[in-house]
**Q** 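Here's a structure for you.
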Amino acid sequence: MQAIDIIAKKRDGGELSQEEIEFFIQAYTQGSIPDYQTAAWLMAIYLNGMSDQETHDLTMAMAHSGDILDLQDITPIAVDKHSTGGVGDKVSLVVAPLIAACDVPVAKMTGRGLGFSGGTIDKLESIPGYRTDLSEAAFKAQLQQIGIVLTGQTADLAPADRKLYALRDVTATVESLPLIISSIMSKKLAGGAQGIMLDVKVGSGAFMKTLEEADRLANAMVKLGALAGRKVVALISDMDQPLGWAVGNALELREAVNTLHEGGPADFREHCIIIAAEMLLMSGKASDINAALTLALETLASGAAWRKFTQLVKAQGGDVRYVEELERLPQAKLIKPVPAPRSGYLARLNAAEVGNAVVKLGGGREKKGDRIDHSVGVIVHYKVGDLVQKDTPLFTIYANERVQMEAAEERVLAAHTFSDTSVQRRPLFYRRIAS
Ligand code: URA
């Protein structure tokens, strides 16, 4: 079999066989198909799509590109959660320790930023020393010892996704249904959790722009998970404006820590509590959604979720002083509050544009392997529906270069749209899909 024939078949709209997909994934993982051929193949998939069968075969080939963890000897029900990608989405940083503090083991392999959307691993790496490359043995040992792991993809688990993810990020091939489904579900299946919570984002700051697309993505992932014998719940959530206020790695980590101390933005806190409640329900820790919501709220209020977070940071080698004393986190040299150009109701806040502004500030990658500046970002001060007064701070830019700061200011300002008449607030969630 030749890579070039498989690329040509997909380019011409053909349906790939299981053997062809397995060959491509194995050879790419082992390094015998180079990035340039894989980039062409990804673009052909992006442009021509994949059938349900191809998407299933791709997911399984990627999941089996490394080991599949079996966690049953550690716990009968470990849970995992994954977001399809958004702007200001730091939900895992709060929800994972919250669930683990309720004695439900959380085994999570998580990703880096992708396009305009941030990644939990990049956020955690704002903490000096925090290791995101745990081996399979270390993953299992830590899960057994403290009941929580938040790590990047290891060399052993779904290595195909680790390579493809980085390549997609810089070849404009992120927003593709089969590529997103296979990326997320291969990691989740390899990670071994029995319960999988999917936060499927929709809107300007998500890869799925319409409810119909998000619905197709959620249904496909729930179905794939169920076929593999996992319990899966998907919630479709709004990502038409950033979640919370902070966008940018260290700024988001700070906001998550504030939320673990019961502060933080109301929309973000509520979002975390609802996702956590679904996970508690899925694990059998609560008998109905109301009991699950109460347990999630009590666990946050008691400080147990915060204590579990510090335990996690220490276990993965992070310097815990950076989350105990937030002023130690990377700080940008230039901080500029930008005044509102007019009064009015905030009608739209284009989340992707805010995410792109943060990438340009250095908070995301434009080329494979780019280093991230953890200190930069944007804090928005209003949510859609809020009444804004002219000349009050509309958002604040955190930058290290003046030219970049000015470009970001212009871009984020243009992302805000105003109305003279009142505007409805956006809902947090739209739909629930369960296996
Ligand atoms: N999250 C992932 O892990 N992969 C994607 O492709 C998109 C979001």
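Numbering of ligands and ligand atoms starts at 1, following listing order. Nothing here was measured: the structure is a model prediction, and the numbers come from that model. Excluded from the calculations below are hydrogen atoms, water molecules and symmetry mates; all remaining heavy atoms, backbone and side chain alike, are included.
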**Q** Over 60° means perpendicular and under 30° means parallel, so classify the ring planes of Phe116 and Phe207, tilted if in between.
**A**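 Phe207 vs Phe116 ring planes: tilted.
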**Q** For ligand 1, which atoms, with element, lie under 4.0 Å from some heavy atom of Leu114?
**A** 5 (C), 6 (O), 7 (C)
**Q** What protein heavy atom sits nearest atom 8 (C) of ligand 1, and how far away is it?
**A**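 It is Thr84 O, 3.2 Å.
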**Q** Checking a contact table here: which protein heavy atom is nearest atom 4 (N) of ligand 1, and how many Å away?
**A** Ser183 OG, 2.6 Å
**Q** Counting each atom of ligand 1 from 1 as listed, which ones have a heavy atom of Tyr165 under 4.0 Å away?
**A**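 Counting from 1, the qualifying ligand atoms are 2 (C), 3 (O), 4 (N).
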**Q** With side chain to side chain donor-acceptor pair (under 3.5 Å) as the test, pick out the partner of Ser83 among Asp199, Asp89, Thr120.
**A**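 That would be Asp89; it is the only one of Asp199, Asp89, Thr120 passing the side chain to side chain donor-acceptor pair (under 3.5 Å) with Ser83.
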**Q** List every atom of ligand 1 that sits less than 4.0 Å from any heavy atom of Lys187, numbering the atoms from 1 in the order shown and giving each element.
**A** 2 (C), 3 (O)
**Q** Around atom 1 (N) of ligand 1, find the nearest protein heavy atom and jot down its residue, atom name and distance.
**A**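 Checked against all protein heavy atoms, atom 1 (N) of ligand 1 sits closest to His82 NE2, 3.4 Å.
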**Q** I need the single residue from Ile7, Ile33, Thr173 that forms a side-chain contact (heavy atoms from CB on, under 4.5 Å) with Trp41. Which is it?
**A**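 For Trp41, the side-chain contact (heavy atoms from CB on, under 4.5 Å) check succeeds only for Ile7.
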**Q** If you measure from the Lys or Arg side-chain nitrogens to the Asp or Glu carboxylate oxygens, is any gap between Lys314 and Asp319 under 4.0 Å?
**A**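 Looking at Asp319 together with Lys314, the answer is no, because their closest N to O distance does not fall below 4.0 Å.
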**Q** Should we count CG of Leu428 as having more than 12 external heavy atoms under 6.0 Å?
**A**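 Yes, the 6.0 Å shell around CG holds more than 12 heavy atoms from other groups.
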